[in-house]
Amino acid sequence: MADLMQVEPGEQKPPVIAPGHNYGTVTDKIADVVLKKPVSLGWLGGLFVCFLILQWMLYGVTLLFFKGVGVWGVNIPIGWGFAIVNFVWWIGIGHAGTLISAILLLLRQSWRNSINRFAEAMTLFAVACAGMYPIFHLGRPWLAYWLFPYPNTMGYWPNFRSPLVWDVFAVTTYGTISLVFWFVGLIPDLATMRERTDKKILKYIFGMAALGWRFSARHWSRYETAYLLLAGLATPLVLSVHTVVSFDFAVGIVPGWHTTIFPPYFVAGAIYSGFAMVLVLAIPIRKFYNLGDFITERHIENSAMVMLGTGWIVAYGYAFEAFMNWYGGDVYEGFVRFNRFHGPYALTYMALLFFNLVVPQVLWIRKVRINNFWLFLISLDVLVGMWLERFVIVVVSLHRDFLNSSWGMYYPTQVDWAIFIGTLGFFTACIFLFMRVLPAISIFELRTLLPEAESVKHE
Amino acid sequence: MMMEEQNGKPHKEDVCPGKKDKLNLETANAQIEETKGPEFWRSLEELAGSGEFQEMMHREFPKGASEWLDTVSRRGFMKLMGASLAMAGMTACTKQPLEPIVPYVKQPEEIVPGKPLFFATAFTLGGYAAPLLVESHLYRPTKIEGNDKHPVSLGGTDVFSQASVLGLYDPDRSQNVIHLGNVSSWGQFKEVILATLKDQSASQGAGIRVLTGAFSSPALADQSQAFLKLYPQAKWHVYEPVNRDNAYEGAKLAFGQPVDTQYQLENADVIVTLDADFLYAGFPGFTKYARDYAKRRDPDSGNMSRMYAIESSPTSTGLKSDHRLPVRAVDVEMIACQLAGSSGGSLSGAQAKFVASVVKELQAHRGSSVVIPGEHQPPAVHALAHAINAQLGNVGKTVVYTDTVVANPANQTESLKDLVADMKAGKVQWLIVSGVNPLFDSPADVNFADAFNGVPNRVHLGLYQDETAEQCHWHINETHYLESWGDTRAFDGTVSIVQPLIAPLYDGKSLHELLGVLSDDAQLSAYNVVQDYWRKQHPGSDFDLFWRRSLHDGWVQGTTYTPKQVSAKSENFSQTTTTRSTFSSGGPASAIEINFRPDPSIYDGRFSNNAWLQELPKPLSKLTWDNAVWIGPVMAERMGVATKDLVRVEVNGAKVDLPVWIQAGHPDNSITVFLGYGRKRAGRAGTGAGFDVYPLRTTATPYFTTGAQVTKISGTYLLASTQGYQTMDAGDETRPIVRTATLEEYKQHADFNEEKPPAELTLYPGFDAQYKKEPYAWGMTIDLNSCVGCNNCIIACQSENNIAVVGKEQVNHGRHMHWIRVDAYYQGDRSDPQAYFQPVPCMQCENAPCELVCPVGATTHSTEGLNDMVYNRCVGTRYCSNNCPYKVRRFNFFLFSDWDTPQYKMMRNPDVTVRSRGVMEKCTYCVQRISEYRIKAEESGTTDRNTDGDLKTACQQSCPANAIIFGNINDANSQVSKLKAKQRNYGLLDDLNTRPRTTYLAEIRNPNPELQG
Amino acid sequence: MQIFHRATNTLAKASIFGGLILVGTLLWACIQIQRSPYVTYQHVARPQPVPFSHEHHVAAIGIDCRYCHTSVENSSFAGIPPTKTCMNCHSEIWLGGGMLQPVRDSYASGKSLIWNRVNDLPDFVYFDHSIHISKGVGCNTCHGPVDRMPLMYNEGSLQMEWCLDCHRSPAKNLRPQEQVFNMRYEQPTTQKPLLYDGKVYTDQMSLGADLVTKYHLRTVADITSCSTCHR
Amino acid sequence: MKDPEIYGLLAEFDNAEAVVEAAHKTYAAGYRKIDAYSPFPIEELWEAIGFHSNGVAKISLLGGLLGGTSAYILQWWINTISYPVNIGGRPYHSWPSFIIVTFEMTILFGGLSAVFGMLAMNGLPQPYHPLFNVDRFAAVTRDKFFIAIFSSDAKYDPMETKQFLQSLHPSAVMEVPT
């Protein structure tokens, strides 16, 4: 996080909240996005498009369940294809949310207050997308519940030595904790909405959801402790989740998977892609809902810096991987390197190096960091790059392993694409809905950032 | 003795579940078998007798027809779920439907439901018999095995006989008598033909012609003689597209009479093949030759043989040889002369050196060497081979001459020509075609079809309504050899009685019965024909004993041929011996030669509807479902064609477009095409697969000719190969997958075979202690020296373990299901490579990487060291396959097993679960057989299962070369333990510390020092 | 301003616990249904073409199991008697009995009787009768008091956990060979001790332990390996 | 003397400093059954009304320990007691493999017990509350701060307490009807 703190000399950090705001204005501006703003055509149109894309996924999944995983490009030796690639990619994206809400909270990075709400929402939706794939990719999805240890008539249990079982526990825990974290953060704001709306029905709904929160100091005290504890627990959790995901590969003996570098390098990659997604969402949101006062250049720039930083950790990962392939002196590991550069999938590897390592370097330039348009493009580029990384790890490692006789190729089918792009539709659809029904920025936490609130702290 | 009951008519009637008009008790009893077996008969109706079943048996394309080939089955959602859930069983919130259970009314004595019976019989190809034992569950033959008591088989079999059980249950088999395209009946046919025979007998049958394939059946020979005596003017023709004309003509050249040649390879120190592929299932005596060859390839025995191959199109034989000289087929004759001492002909330096040292070797091993001419080499080469063997004094030692196995060694090509001539001349009123398909496979230049269509009455007797049947007035559905009585000769002359394992599924008739009708004895049954014939041969009171014994043993005592003294015909030898210096040259070296070969999997096309064989990877190219034109690397480069490109092949004025397969080791200016593909009416599996090359073939040059044109045309064609990458090189390294050494190196330091992993590579205490405690720990060795890549193990496994067929497109996706595969690797110069075969079943690793990663524990380790795969627990993450370094696990990406077609249900092995969609499967070391022995032993109250040598896995049992040995590694005296103790024993990828239970014996070659480097 | 009525508080809290209880009950129900006769047919008589009474034939007449289930000692499959077996007696007695009509029809017409399977394992399970018999597992250990079943039903749930229960501790069910077909066999107790091999047993476990060694039973690890039953 | 009609008195303030100061005074004045309300968490505020420790941390710790141990015990029992199976030659009790699930369960139970503990101790959900009867109280969700002295307080007296609150210069003092 070092590069978050550092300030280039001579440059004035932009504020976290634009000047001239007080408790009231902050509350109104954010709440009105939901309560007062009329439904715009743009919003409807966007939601509709996402919905259509979602239908494509449903088509793919129906085909999948009717006919079997054979409708995908998977085969022997490449037993895992898009399903796992997308799973890892989505889970990774989710990580930024938790990082912002939990880790930055612990690090007292108060600027995170204005982006943590939708970052967490993003996490939830991303995890939802990710969570579908492990079930889809089963040969017999209707038996997915066998992965849970429940008292069954077989007197038989899941195999706790398998990384996939670890995955089940890690991902479900992660999903639950993220959801709770998000909801706890929402409670006071729901109370605010309860009072701000004039519609009776909304009053009831928000009122119930707010659980009757009444801003009592005693409640606040327990609330703060619980919130802090959640942050404290979510931090190791978020690190563990992608570590466990990386174990899916690192525990295997496939050349290109069996590496100790994977956990840190996966986590960094996750945050890398996660922040890219944050920016891809934040930039349009602050524009169209003119929340520029709260999601300021400061946030944009910091996120850009995080990308730059994690980008370099990832770069180190690649370098070290290649080095170990050579240094290990193992025939098969050595060939992994050779195959990535010269094999049939060399292009994807080159592309991922370009997208993940070369392009983001322009972020060294501050002008780019604070230029919404370019930053948006770079974020997209990183998202693509990180997807390619997962593709290379999963497919390119598998397609040529130990016995030459069993080498094969993987060609994604249209169902592969349908389901992948479909989840993108699902994700964005969720974001659209979220923007309409809930305060996209944590109102009460924003209040604490106002000067008048600051003053009380230093009595 | 069980065959008694077998003989009893009533059984043979009742046995068959498929019999239309009668749903009977034995049928029903199959039920019992099945309900306890793996299959899931939903209701009796589905099994037999009732409407649905009848319908299926009679519809031309039964329900689910397309499933064999389609990528995506057309079955409904519920069906899929139903089947899958059925697998999931009670634990998956499913309720088992009520299952009916149907007992006999009167139960035959020898039947113990749940226990299989074994019957001896024999399969015949081109007149040569493969002696068999057939496993039968409640009178349903399910598995073909070699007759281990029979001198020729010794338990070994070949792919064709192994796969024939699928042929029996093929739903595409002809099921009716057809007259002019309409369903008719045997009765009507008899009426018609008996009427016409009246006027034929007047003309002494001048208008009758019979066309059959080559046969060795003494009974049939006898019957045909009788028939010809009845109609002296009638003629009996024999033609098969792949025949032994050359061999017999060669024999006539040399000895003035047709004889069969047997080679005693166990006595041969030096083997020289002249374009001969004696390690190919189509070669008479293959099983015995493979075994004898392997016997002499043991580097530890001290008398390892050395093999030189002079051949054109690459073969397993050539690739197994120590030295291989790739030449065009036309040049073989010249080289043969040089071996015989002639100085004629021009040879390149390398070739000359090769020939010189071969000559030297032969001279050095007089009486213990053998020269084997190829079936498709011209008579002259055969004659030369006879001459050389004679000169070297090999005759009587390594070479033995006997009477011909086939009853009628006439020149089949001539025979066909005569027939066509007669047909053209309008002399033929009645043509009876039996078991052959001339409209598909006769040479182009005889224009068989035209002449054929001029014949007023054409009758076809065959298993399928094929191209020929289509053009016949009458088609009679023939009985499969597993349905009918008969007899046949193995290549050593021994006669086997062919006894039926099941009553004719579709009321078929055999040639015996047809002849019966023709000779005006309409009541004649095949059973009577055969038994009467042998009663004549073996008169006397003890016939019944003799008969039972022959049936039980699987062969008739005292019918084995004794070696025959043949004397050289001097005048013929004068031209073949050393002085000769002119040969039927192939013209300039630049002239392109085309070779015609029977397909390694579907032979001449007769097996093209056998999906097992279609999906069986060809030994060298690993192609499935297709034939391609083989072109050598050099020539391909010159032409600028790549594998899968389409080329046009023109020769003898005909042209065929087919895809290229670049075959390492193929000589330059020579191409090879394979017969039997491009069938138009074969059935679901065969129709439309591959390309028909018979149009290129002429009577003059049936096997090879020069002057072919090969031109690249636009477009490519999808070829589905199971092994895309056929070298051990990866990047700049060569992987130690197949470990090899020369005999010299091996003698110097037998431990050349380095890279033994450290004993304890783990932080964990392993299970070694427990494994040691167990009385049994299963293991396997595969001797790469013995393996000749014949693929037999693959089919045996497929049959034993109910392995599904997936079709060309799925194979191309890398989704074939074979539990054991035979990898082929080519190293070195692509034009003249070293090649190796490596069978790869599940390694049953002690530290199995697959088990560790399965989230539901569907694959675990048994206490006896088996890597168990529990299908019904599998949820299909495919993680185990990813983590399997040997990639021996196979996944049901769709519902590959056919759960509908009733015939297949009868075929399945009830002791092995039929896998459903979405589950992983793999080699189990035939755990069902292990269990059988365990239970047998434990019931007798002992812990000793005395399994060694008795308990065999399917692959081991079928292997003619004894390359695969399975057994108890905790017993120091077991065969497998001894082999594992050898220094050339190594574990594949054992540096991964997977500790495989299946290990390999490194391949040791025995090259001639002179020719090395 | 006040939105909710006083009662809402109780209501809200109650609904939370209510929800938890509901979910719990549902899960519990699923698990129970899996084991209920609805799924397992346990103790449920199947419809049969002939109301054959084991009670009558075994208890009243005293026919041995093996008279009908002939292959039970030497095959995986116990065997369902062919119609012939029925007719051995019923060609002599009960000739008029209307309920036997199907049997006589079957014998006359040669068409089999079609029964409904009672002890029906899923098709991926390979159970072998002969080995269990020869290791001293009594018929009624699995099949229950057949001699008291007017209509046949399956005693056990036939689920994997049910099989494992015995495979994990065979000793608790083994009995002397000659007692295997004894429908009224009782395990030794202090009240009813059992004399076997010149040794007096007063409890099952000690008897079982001795029989395990006597019959060379394989270890529990052996007989709980997957491939023991699944192939 | 208690007044059954009145739940308590509520004083409204405009900014954080004021309410904190007022809270200190109220506590100093000996009132104990009091509470303060602010649109965002102010540590000084709950300190001021004498609320120094809450049990959330302990509950979370207990929950975490419970989750972790039960998870490990479950895995151990399954693999060594319930159905020991030889998987890939690993020992039945291969503890390194069991750590991850143990860890995840610790986090899950720790987190959940923290949150639900917090809600429980706060007596939530509680959609109805007398305070909501005071319309001006709604402003607490926006920008106003409040101090409440409940009639249940020993020192509570309708008149005196009201005067006391007035002395804190609130922008308003209101009665909270029950």
Side-chain angles (χ1 to χ4, degrees), chain A residues 22-24 27-28 149 155-161 165-166 169-170 172-173 176-177 180-181 183-184 187-188 191-192 194-196 207-208 210-226 229-230 233-234 236-237 240 244 247 444-445 447-448 452-453 455-457 459, chain D residues 15-17 20 23 35-46 48-49 51 54-57 60 64 74-75 78-79 82-83 87-88 90 94 97-98 100-101 103-105 107-108 110-112 114-115 117-119 121-122 124-129 131-132 137-143:
Chain A
N22 62 34
Y23 301 135
T27 314
D28 304 347
Y156 198 58
W157 303 95
N159 167 20
F160 285 94
R161 297 170 185 80
V165 171
W166 304 344
F169 281 85
T172 43
T173 303
T176 324
I177 293 292
V180 173
F181 202 5
F183 176 67
V184 170
I187 292 175
T192 305
R194 176 188 67 205
E195 301 302 340
R196 272 199 69 77
M208 264 307 162
L211 306 174
W213 185 259
R214 55 182 189 275
F215 298 83
S216 148
R218 283 186 170 74
H219 291 187
W220 275 129
S221 154
R222 300 197 181 92
Y223 182 92
E224 283 290 89
T225 326
L229 279 170
L230 271 183
L233 291 168
L237 175 64
S240 81
V244 169
F247 284 166
F444 83 95
E445 282 177 300
R447 294 188 187 122
T448 61
E452 37 184 333
S455 59
V456 70
K457 300 257 161 52
E459 272 183 1
Chain D
N15 61 60
E17 291 87 346
V20 172
D35 201 348
Y37 304 90
S38 60
F40 57 90
I42 305 172
E43 191 176 357
E44 291 73 7
L45 194 53
W46 59 75
I49 60 169
F51 187 71
N54 62 61
V56 176
S60 173
L74 177 72
Q75 297 178 76
I78 284 175
N79 285 286
S82 173
Y83 203 151
I87 288 179
R90 284 9 175 229
S94 25
S97 318
F98 302 162
I100 285 148
V101 171
F103 170 80
E104 300 295 343
M105 287 298 97
I107 300 281
L108 182 61
L112 291 182
V115 170
M118 178 268 285
L119 293 178
M121 285 190 284
N122 287 349
L124 302 178
Q126 194 176 8
Y128 170 89
H129 194 280
L131 280 171
F132 297 137
F137 183 70
V140 76
T141 67
R142 191 156 181 273
D143 54 2

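Model, not experiment: these values are computed from the prediction. Order of the sequence lines fixes the chain letters, A, B, ..., with proteins taken first and strands second; residue numbering starts at 1 for each chain.
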Exercise for review: Check whether A:T27 gets within reach of chain D through its side chain, its backbone, both or neither, counting any heavy atom under 4.5 Å.
Suggested key: side chain
**Study point:** Which atoms of D:S60 approach chain A - backbone, side chain, both or neither, heavy atom under 4.5 Å
**Key:** side chain
Check your understanding: Between D:I100 and chain A, which part of the residue has a heavy atom less than 4.5 Å away: side chain, backbone, both or neither?
Key -> side chain
Check your understanding: Side chain, backbone, both or neither: which part of A:P149 has a heavy atom under 4.5 Å from chain D?
Key -> side chain
Practice item. Using the ring of A:Y223 (Phe, Tyr or Trp, six-membered ring only), decide whether A:R218 places NZ or CZ under 6.0 Å from its centre and within 45 degrees of its axis. Key: no
Review point. In terms of heavy-atom pairs under 4.5 Å with chain A, which of D:I78, D:L45, D:I87 leads?
Key: D:I78
Review point. Tell me, side chain or backbone of A:S221 under 4.5 Å from chain D's heavy atoms, or both, or neither?
Key: both
Review point. Do we see a donor-acceptor contact under 3.5 Å between the side chains of A:R161 and D:S94?
Key: yes
Review point. Between A:F247 and chain D, which part of the residue has a heavy atom less than 4.5 Å away: side chain, backbone, both or neither?
Key: side chain
Check your understanding: By side-chain hydrogen bond (donor to acceptor under 3.5 Å, both in side chains), which residues pair with D:S97, not counting sequence neighbours?
Key -> none
Check your understanding: For D:F137, is it the side chain, the backbone, both, or neither that has a heavy atom closer than 4.5 Å to a heavy atom of chain A?
Key -> side chain
Check your understanding: Under the criterion side chain to side chain contact (heavy atoms under 4.5 Å, CB included), which of D:L131, D:T141, D:D35 is the partner of A:F215?
Key -> D:T141
Point to revise | Structural part of A:L229 lying under 4.5 Å from a heavy atom of chain D | key: side chain
Exercise for review: Between chain D and each of A:V244, A:I187, A:N159, count heavy-atom pairs under 4.5 Å; write down the option with the most.
Suggested key: A:N159
Exercise for review: Go through the steps to decide whether D:F40 and A:E445 satisfy the test side-chain contact (heavy atoms from CB on, under 4.5 Å), and finish with yes or no.
Suggested key: CA-CA 7 Å; D:F40 57 90; A:E445 282 177 300; over 6 Å; no
Check your understanding: Can you name the residues that form a side-chain hydrogen bond (donor to acceptor under 3.5 Å, both in side chains) with D:W46, not counting sequence neighbours?
Key -> none
Review point. Is D:D143 salt-bridged to A:R447, cutoff N-O under 4.0 Å?
Key: no
